[in-house]
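Contents: one structure, followed by commentary.
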Number of protein chains: 2
Amino acid sequence: MRIGELAARAGTTARALRYYEARGLLSARRDEKGYREYGEGDLRLLEQIRTLQDFGFELEETRPFVECLRAGHLEGDSCPASLAVYRRKLAELDALVGQLTAVRETVAEQLRRAERAVGELAAEASVPGGPEPGCELGGQLS
Amino acid sequence: MRIGELAARAGTTARALRYYEARGLLSARRDEKGYREYGEGDLRLLEQIRTLQDFGFELEETRPFVECLRAGHLEGDSCPASLAVYRRKLAELDALVGQLTAVRETVAEQLRRAERAVGELAAEASVPGGPEPGCELGGQLS
DNA sequence: TTAGGGCTTGACGCGGACGTCAAGGCAAGC
DNA sequence: GCTTGCCTTGACGTCCGCGTCAAGCCCTAA
């Protein structure tokens, strides 16, 4: 199988495969015309890479899985190095979700506060003599 | 106040301030030597930018807040456009946290499965005639 | 014969928010 | 006078995972 077919079967592009090869993640035999030639095992490697990429793993983080498969294992995560990556990623995801959740709450609080402030301005405006709300080109301070 | 002092007071760098200026977020007067000269109001603008940046807002997303302050409002989020950014960001954060949480669960599941598989191999190995686990340079398949 | 499609390598582009270096002006201290 | 330190503009580098274009070879169908 050549590069275009493998790429299509894995749902990616030939450019990506050449990139993986340059990174040392994927190798290929060459036929007499210099074209890359792949086997079914390469499809397994590629599927492993794509799955982890879809999870948000960096390319370098897929390397232990690829090497595990190349070592003859049926699953890319049958090796200790792969498990270590899983665990590290879980910790990263937990930390990230924690941070994002904290930011989310802070932003939500800011939004509530700002909405309350707008409401109070509106209430003042409804009383005779109140100021005007809105930001439509008020005063350009350069 | 000149660029270095303002940057230090805002906890950022002169390079960042020039970048904001190039993006049209921050402006500065020039003294007779061509140096940028800032006032206290610029510190307010800069603090607003930095706060939102720390929240993970893109630079363009801080623009409504900056313009709100420049329009004379005491708070950068006193304007409808700023509130819209808040709401959009909340939705983005919710979506992102949801995706990351789903990935986290999938990865956790993969880890449990892989650990179980390793455990089963270990159990077989403890029985006489079992195979060897581990991946330390087993067989290089090129 | 020509058009078309797939393959090759090499090299630049992208996005975002700057970092870093180059080359030079301006002022203060020793 | 010289060094140090702040400022100026301009321009290239960074990171990552490719996209895209260029120039050219190989084969096939019309």
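Proteins come first, then strands; the chains are lettered A, B, ... in the order of their sequence lines, and each starts at number 1. Note: hydrogens, waters and symmetry copies are ignored here, and every other heavy atom, side chains too, is used.
- As a whole-Å value, the separation of A/Glu32 CD from D/dC25 C1' is 13 Å.
- Summarising the geometry, the separation between CD1 on B/Ile3 and C1' on C/dG19 is reported as 14 Å, rounded to the nearest angstrom.
- Look at B/Arg44 and B/Glu75 and you find no salt bridge, because none of the NZ, NE, NH1 or NH2 atoms lies under 4.0 Å from a carboxylate O.
- Atom CD of B/Glu5 is separated from atom C1' of D/dG5 by 15 Å (rounded to the nearest Å).
- Judged purely by atom type and a 3.5 angstrom limit, B/Glu61 uses its side chain to pair as donor or acceptor with the backbone of B/Glu58.
- Between A/Arg112 and A/Glu109 there is a salt bridge, since a side-chain N of the basic residue sits under 4.0 Å from a carboxylate O of the acidic one.
- A side-chain donor-acceptor contact under 3.5 Å links A/Asp42 to the backbone of A/Gly39.
- Rounding to whole angstrom units, NZ of residue A/Lys33 and P of D/dC25 are separated by 16 Å.
- When the nearest nucleotides of DNA chain D are assigned to A/Ala16 and A/Tyr35 by heavy-atom distance, the more 5′-ward of the two goes with A/Ala16.
- To the nearest angstrom, C1' of D/dG17 lies 14 Å from CD of A/Glu61.
- Between A/Gln53 and D/dC18, a side-chain N or O to OP1/OP2 separation shorter than 4.0 Å is present.
- The pair B/Arg50-B/Glu47 does not meet the salt-bridge criterion, since no charged nitrogen lies less than 4.0 angstrom from a carboxylate oxygen.
- Summarising the geometry, the separation between CG on A/Leu25 and C1' on D/dC18 is reported as 14 Å, rounded to the nearest angstrom.
- Here D/dT8 is the nucleotide among C/dC18, D/dT8, C/dT9 with the atom lying nearest to any side-chain atom of B/Arg36.
- Side chain A/Tyr20 to base D/dG17: no donor-acceptor pair is found below 3.5 Å.
- In this structure, A/Arg23 reaches neither bases nor backbone, as no heavy-atom distance under 4.0 Å exists between it and the strands shown.
- Proximity of A/Arg15 to the phosphate of C/dT9: no side-chain N or O atom is located under 4.0 Å from OP1 or OP2.
- Protein atom CD of A/Glu21 is 17 Å distant from nucleotide atom P of D/dG17, rounded to whole Å.
- C/dC7 atom P lies 10 Å from atom CG of A/Leu6, rounded to whole Å.
- Close to D/dC18, at under 4.0 Å from its OP1 or OP2, lies a side-chain N or O of A/Arg50.
- Contact check, A/Arg2 against C/dG6: no side-chain N or O comes under 4.0 Å of OP1 or OP2.
- At the phosphate of C/dC18, neither OP1 nor OP2 sits under 4.0 Å from any side-chain N or O atom of B/Arg18.
- Here B/Thr13 does not reach the OP1 or OP2 of C/dC18: none of its side-chain N or O atoms lies under 4.0 Å away.
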